[in-house]
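Accompanying notes for the structure given below.
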Amino acid sequence: MRTIDLGEGRRLDRSVIAGLDAGNYLEQRLNVVFQGATGSGKSHLLCALVKSACRARYRAVYVRMPDLAEQVTVASNKPGGVPKLVRKYATYNLLAIDEWLVDKPDELFKRFLLELMELRYDTVSTAFATQLATKEWHRQLGGDTIADTILDRIVHNAIWINTGEYNMRQRHGQAMLDN
């Protein structure tokens, strides 16, 4: 987290980033949401958050939502597989989910998310990286009571960080070409 580019164009709050690095959100069992455009550094920030938590000796894991959905599908074909997967991901002090809601989840995956968020709620922290505005989450989750329940366990105790429109890949790619 200490190496995060806090250039003026990104409009990231230095004190918020420092607070995340200190791990206070983990002790308070708060969620973290990185929201912004493609290339704005959401995944980089999410990975830095996981590394910072690991350095502080917390159990933390990073997973892309499409990969997690695939794990659920595979687990559904095994006896007790999905509940076992829920318990596995519920035990981490920090679960970091990248590409949150990039794809609309099917019914099996929505139920997995419901159980997972229920177990994690107010006991551990979950971090998300997404391009979607929060107002689109409900629709993407199916717009039903399951969507309501999942979101209720995420949004009300979350630190929100807008990574903006500034494309870090473009900036770093141009810097490499200039050198």
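Note that the coordinates shown come from a computational prediction; the quantities given were computed from them, not determined experimentally. By convention here, the first residue in the shown sequence is residue 1.
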Exercise. Would you say Val155 and Tyr121 are hydrophobically clustered, going by side-chain heavy atoms of ILVMFWY under 4.5 Å?
Worked result: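 No, it is not one cluster - the side chains of Val155 and Tyr121 are not joined through contacts under 4.5 Å.
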
Exercise. Should Val86 and Val74 be regarded as members of a common hydrophobic cluster, given that ILVMFWY residues are connected when their side-chain heavy atoms come within less than 4.5 Å of each other, either directly or indirectly?
Worked result: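 No, because Val86 and Val74 fall into different hydrophobic clusters, even though each may have its own neighbours under 4.5 Å.
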
Does any part of the side chain of [Y], heavy atoms only, come nearer than 4.5 Å to the side chain of [X], both counted from C-beta?
{"X": "Val102", "Y": "Pro66", "value": "yes"}
{"X": "Gln131", "Y": "Thr38", "value": "yes"}
{"X": "Phe34", "Y": "Leu49", "value": "yes"}
{"X": "Val32", "Y": "Ser125", "value": "no"}
{"X": "Leu101", "Y": "Met65", "value": "yes"}

Exercise. Please, which pairs that meet side chain to side chain donor-acceptor pair (under 3.5 Å) have at least one residue in residues 104-117, sequence neighbours excluded?
Worked result: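 Residue pairs passing side chain to side chain donor-acceptor pair (under 3.5 Å), neighbours aside: Lys110-Asp144.
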
Problem set entry | Contact list for residues 71-82, test side chain to side chain donor-acceptor pair (under 3.5 Å), sequence neighbours left out | Gln71-Tyr89

Seminar exercise, completed: Which of Val63, Leu94, Leu45 passes side chain to side chain contact (heavy atoms under 4.5 Å, CB included) with Val50? It is Leu94

The criterion is side-chain contact (heavy atoms from CB on, under 4.5 Å); which residues satisfy it with [X], sequence neighbours excluded?
{"X": "Asp152", "value": "His156"}
{"X": "Arg29", "value": "Asp122"}
{"X": "Thr126", "value": "Asn31, Leu95, Ile97, Met117, Arg120, Phe128"}
{"X": "Glu118", "value": "Arg153"}

Seminar exercise, completed: Residues pairing under salt bridge (charged side-chain N to carboxylate O under 4.0 Å, His left out) where one sits in residues 59-69, two or more places apart or in two chains, turn out to be Arg64-Asp67, Arg64-Glu99

Problem set entry | salt bridge (charged side-chain N to carboxylate O under 4.0 Å, His left out) partners of residues 124-133, not counting sequence neighbours, each pair once | none

Give the minimum heavy-atom separation between [X] and [Y], together with the two atoms involved.
{"X": "Val124", "Y": "Ala90", "answer": "CG2-O, 4.1 Å"}
{"X": "Leu119", "Y": "Thr123", "answer": "O-OG1, 3.1 Å"}
{"X": "Asn93", "Y": "Leu26", "answer": "O-CD2, 3.6 Å"}
{"X": "Thr163", "Y": "Gly36", "answer": "OG1-CA, 3.2 Å"}
{"X": "Gln35", "Y": "Leu132", "answer": "NE2-O, 2.6 Å"}

Exercise. What residues form a salt bridge (charged side-chain N to carboxylate O under 4.0 Å, His left out) with Glu136, not counting sequence neighbours?
Worked result: Arg139

For this session: Could you pull out all residues at least two apart from Glu70 that satisfy salt bridge (charged side-chain N to carboxylate O under 4.0 Å, His left out)?
Result: none

Exercise. Roughly how far, to the nearest 0.5 Å, is the CG atom of Leu114 from the CG atom of Leu141?
Worked result: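 Spacing of CG (Leu141) from CG (Leu114) equals 10.5 Å.
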
Problem set entry | Rounded distance [0.5 Å steps], CG in Leu116 versus CG in Leu68 | 7.5 Å

Exercise. With distance as the sole test, does Thr149 use its side chain to make a donor-acceptor pair with the main-chain N or O of Thr145 at under 3.5 Å?
Worked result: yes

For this session: Using the six-membered ring wherever Trp is involved, compare the ring planes of Trp100 and Trp137 and label them parallel, tilted or perpendicular (cut-offs 30° and 60°).
Result: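 Perpendicular.
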
Exercise. Can you name the ring-ring contact (aromatic ring centres under 6.0 Å, His included) partners of Tyr62, sequence neighbours left out?
Worked result: none

Problem set entry | Any residue meeting side chain to side chain donor-acceptor pair (under 3.5 Å) with Gln140, in chain and number order, not counting sequence neighbours | none

For this session: Assess whether side chain to side chain contact (heavy atoms under 4.5 Å, CB included) is satisfied between Thr134 and Val33, documenting all intermediate values.
Result: CA-CA 10 Å; Thr134 313; Val33 179; 5.9 Å; no

